[in-house]
Amino acid sequence: MIFSSFPFIFLFLPISLFGYFFWSGLYSHTHAKWWLVAASIFFYGYWNWRYVPLILLSCLFNFRWGLRLMPSSGRSDAS
């Protein structure tokens, strides 16, 4: 699916936006964010489902490294 294709513009994009605002208004922004994660995985999996595990591993790896790079909020400076 290409960004300028009719299935993306008239099917995937409206469903994704509706789902985001539906979950955001009904529950919380956390649910809406998970909806976008699922829609993104579906989008890339639609092209070739064999790449979904690679995308998931990449997301997990980047998330874990992001947490390690983020400074700890409970750390005190000994200056």
Asks: Quick one: pull up CZ in Phe21 and CH2 in Trp35 and give me the separation to the nearest 0.5 Å.
Replies: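 Going from CZ on Phe21 over to CH2 on Trp35, the span is 13.0 Å.
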
Asks: Identify all side-chain donor-acceptor contacts of residues 22-33 below 3.5 Å with residues at least two apart in sequence or on another chain.
Replies:
residue	atom	partner	partner atom	Å
Ser24	OG	His29	ND1	3.1
Ser28	OG	Thr30	N	3.3
Ser28	OG	His31	ND1	3.1

Asks: Could I get the full list of side chain to side chain contact (heavy atoms under 4.5 Å, CB included) partners for Tyr46, not counting sequence neighbours?
Replies: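 With neighbours one apart ignored, the set is Met1, Phe42.
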
Asks: I'd like to check the ring-ring contact (aromatic ring centres under 6.0 Å, His included) partners of Phe8; sequence neighbours left out, ordered by chain and number.
Replies: Phe3, Phe12, Phe43

Asks: For Ile9, enumerate each residue passing the side chain to side chain contact (heavy atoms under 4.5 Å, CB included) test, keeping only those at least two apart in sequence or located in another chain.
Replies: none

Asks: With hydrophobic residues grouped by side-chain heavy-atom distances under 4.5 Å, do Leu17 and Phe10 end up in a single group?
Replies: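 Both belong to a single hydrophobic cluster.
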
Asks: Return a table of donor-acceptor pairs under 3.5 angstrom between the side chains of residues 51-71 and protein atoms on other chains or two or more places apart.
Replies:
residue	atom	partner	partner atom	Å
Ser58	OG	Asn62	ND2	3.4
Asn62	ND2	Ser58	O	3.0

Asks: Under 4.5 Å between side-chain heavy atoms, counting indirect links through other Ile/Leu/Val/Met/Phe/Trp/Tyr residues: same cluster for Ile15 and Leu13 or not?
Replies: yes

Asks: Would a 4.5 Å heavy-atom cut-off, applied to side chains only, mark Trp34 and Val37 as touching?
Replies: yes

Asks: According to the side-chain hydrogen bond (donor to acceptor under 3.5 Å, both in side chains) rule, which pairs have a member within residues 4-19, sequence neighbours left out?
Replies: none

Asks: Nearest 0.5 angstrom please: Ile41 CD1 to Leu36 CG, how far?
Replies: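 Nearest 0.5 Å value for the CD1-CG distance: 11.0 Å.
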
